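I have placed the structure first, in the form of structure tokens, so that the comments after it can refer back to it.
A quick note: this is a predicted structure, and the numbers were derived from the prediction, not measured.
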Amino acid sequence: MPIRSTKMPERFGLDRLATPIGIALLVTDAEGKLRALDWHDYEHRMRELLRLHYGTVDLDDRPAPAEMRTALSGYFEGELDQLSGIAWRTAGTPFQQKVWTALAQIPAGITLSYGALAATIGMPNAIRAVGHANGSNPISVVLPCHRLIGADGSLVKYGGGLARKRWLLRHEGVEV
């Protein structure tokens, strides 16, 4: 007989925010912390990342905190420093959390290669692992995975599509 989990599902709120590059899905917890940010056309991917990080998740339509919506709207209107004021929380592995925390430290308008980020976290040989952690980042834009590029300067992989990555980098003043 299979063993059933007695763990209650995580309950998060789901809100939507119109941006110049599509509808952003904002997932927040009861404390108003951002748990996921993805794009409407990648909702399935977002739900799968939530499942991997938290197990069973129930999403209820609930507005994100006004300050978060204002900060994100400000970012998309050109106030690039607004992202740093958004409270977030993740549930990845310690390594993933290390990578995601390092992502949050990359300033707008700056790009790094996966290798450079691996060196930044003190693990210069963990380039592929950094790439995998980056690909599992549930909080797009705020944890700016779009700022990672290939060693040759090329745009590589972005969960929301390369067109969005290109737009975000140009929006931040990066020539791509």
Side-chain angles (χ1 to χ4, degrees), residues 9-54 56-92 96-97 99-112 131 133-149 154-176:
E10 291 280 355
R11 297 189 70 81
F12 296 135
L14 174 63
D15 197 4
R16 290 162 179 79
L17 179 71
T19 77
I21 53 176
I23 303 296
L25 303 175
L26 312 177
V27 175
T28 54
D29 62 22
E31 296 173 10
K33 292 193 164 108
L34 187 64
R35 294 297 189 110
L37 188 159
D38 217 319
W39 305 101
H40 71 288
D41 49 335
Y42 288 88
E43 184 171 351
H44 178 76
R45 175 187 174 280
M46 178 194 75
R47 286 179 181 270
E48 180 61 14
L49 284 175
L50 287 169
R51 186 191 66 75
L52 290 172
H53 293 299
Y54 299 103
T56 303
V57 172
D58 287 337
L59 294 177
D60 301 316
D61 286 331
R62 182 179 346 134
E67 313 81 50
M68 181 183 296
R69 292 179 59 84
T70 299
L72 285 164
S73 293
Y75 168 81
F76 283 105
E77 291 167 5
E79 299 172 42
L80 303 179
D81 62 340
Q82 293 293 303
L83 298 179
S84 63
I86 295 174
W88 54 272
R89 180 180 296 145
T90 58
Q96 288 172 326
Q97 298 229 5
V99 170
W100 299 336
T101 299
L103 282 174
Q105 305 306 312
I106 303 171
I110 302 295
T111 57
L112 290 180
N134 194 52
S136 295
N137 171 16
I139 306 178
S140 176
V141 181
V142 175
L143 301 183
C145 48
H146 62 277
R147 296 180 188 151
L148 290 188
I149 58 173
S154 63
L155 295 185
V156 293
K157 298 182 183 181
Y158 182 65
L162 287 180
R164 280 194 179 105
K165 181 173 187 161
R166 185 174 290 106
W167 188 95
L168 289 164
L169 289 173
R170 286 181 178 158
H171 178 63
E172 294 179 358
V174 176
E175 298 269 337
V176 290

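- Annotation: salt bridge (charged side-chain N to carboxylate O under 4.0 Å, His left out) contacts involving residues 165-176, sequence neighbours excluded, comprise R147-E172.
- Residues forming a side-chain hydrogen bond (donor to acceptor under 3.5 Å, both in side chains) with N137 (at least two apart in sequence, or on another chain): none.
- Checking side-chain atoms of W100 against main-chain N and O of A133 turns up a donor-acceptor pair under 3.5 Å.
- When the side-chain hydrogen bond (donor to acceptor under 3.5 Å, both in side chains) test is applied to Y42, no partner is found at least two apart in sequence or on another chain.
- In this structure, P65 and G32 approach most closely via the heavy-atom pair CG-O, 3.5 Å.
- Within the 4.5 Å cutoff, no side-chain heavy atoms of L148 are placed close to those of K157.
- Judged purely by atom type and a 3.5 angstrom limit, Q82 has no side-chain atom pairing as donor or acceptor with the backbone of T70.
- Smallest separation of non-hydrogen atoms from M68 and A64: SD-CB, 4.1 Å.
- Among residues two or more places apart in sequence or in another chain, the side chain to side chain contact (heavy atoms under 4.5 Å, CB included) test is passed with L49 by R45, H53, S136.
- C145 approaches S140 most closely through the heavy-atom pair SG-CA, 4.5 Å.
- Side-chain contact check for D41 versus R164: some heavy-atom pair is nearer than 4.5 Å.
- Side-chain atoms of H40 do not come within 3.5 Å of backbone N or O of R16 as any donor-acceptor pair.
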message: Quick one, Y158 with N134, criterion side-chain contact (heavy atoms from CB on, under 4.5 Å). Give me CA distance, side-chain angles, the key distance, then yes/no.
response: CA-CA 9 Å; Y158 182 65; N134 194 52; over 6 Å; no

task: Would you sort out whether I86 and I139 count as a side-chain contact (heavy atoms from CB on, under 4.5 Å), showing the intermediate values?
output: CA-CA 11 Å; I86 295 174; I139 306 178; over 6 Å; no

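- Closest non-hydrogen pair, W39 versus G160, comes out as CD1-CA, 3.8 Å.
- Contact of the F76 side chain with the L168 side chain is registered, since non-hydrogen atoms from C-beta on lie closer than 4.5 Å.
- Considering all non-hydrogen atoms of both residues, V141 and L83 come closest at O-CD1, 3.4 Å.
- Not counting sequence neighbours, the partners of T111 by the side chain to side chain contact (heavy atoms under 4.5 Å, CB included) test are I149, L169, V174.
- Counting only heavy atoms from C-beta outward, the side chains of L72 and V142 approach each other to under 4.5 Å.
- Every pair passing salt bridge (charged side-chain N to carboxylate O under 4.0 Å, His left out) that includes a residue from residues 72-91 is listed here, sequence neighbours excluded: D29-R89, E31-R89.
- Residues satisfying the side-chain hydrogen bond (donor to acceptor under 3.5 Å, both in side chains) criterion with E48, sequence neighbours excluded, are R51.
- For the pair Q96 and T90, the minimum side-chain heavy-atom distance is 4.5 Å or more.
- In this structure, I110 CD1 and Q105 CD are separated by 13.5 Å, a value rounded to the nearest 0.5 Å.
- In terms of the salt bridge (charged side-chain N to carboxylate O under 4.0 Å, His left out) criterion, E10 has no residue partners (sequence neighbours excluded).
- Here the CG atom belonging to L26 is positioned 10.5 Å from the CG atom belonging to D38, to the nearest 0.5 angstrom.
- By the salt bridge (charged side-chain N to carboxylate O under 4.0 Å, His left out) test, E43 is found to be paired with R47, residues two or more places apart in sequence or in another chain being considered.
- Shown here are the salt bridge (charged side-chain N to carboxylate O under 4.0 Å, His left out) partners of R11, two or more places apart in sequence or in another chain: D58, D60.
- A donor-acceptor contact closer than 3.5 angstrom is absent between the side chains of T19 and Y75.
- W88 is not listed as a side-chain neighbour of L37, based on a closest heavy-atom distance of 4.5 Å or more.
- Residues satisfying the salt bridge (charged side-chain N to carboxylate O under 4.0 Å, His left out) criterion with R69, sequence neighbours excluded, are D15.
- For the side-chain hydrogen bond (donor to acceptor under 3.5 Å, both in side chains) test, no residue two or more places apart in sequence or in another chain qualifies with T28.
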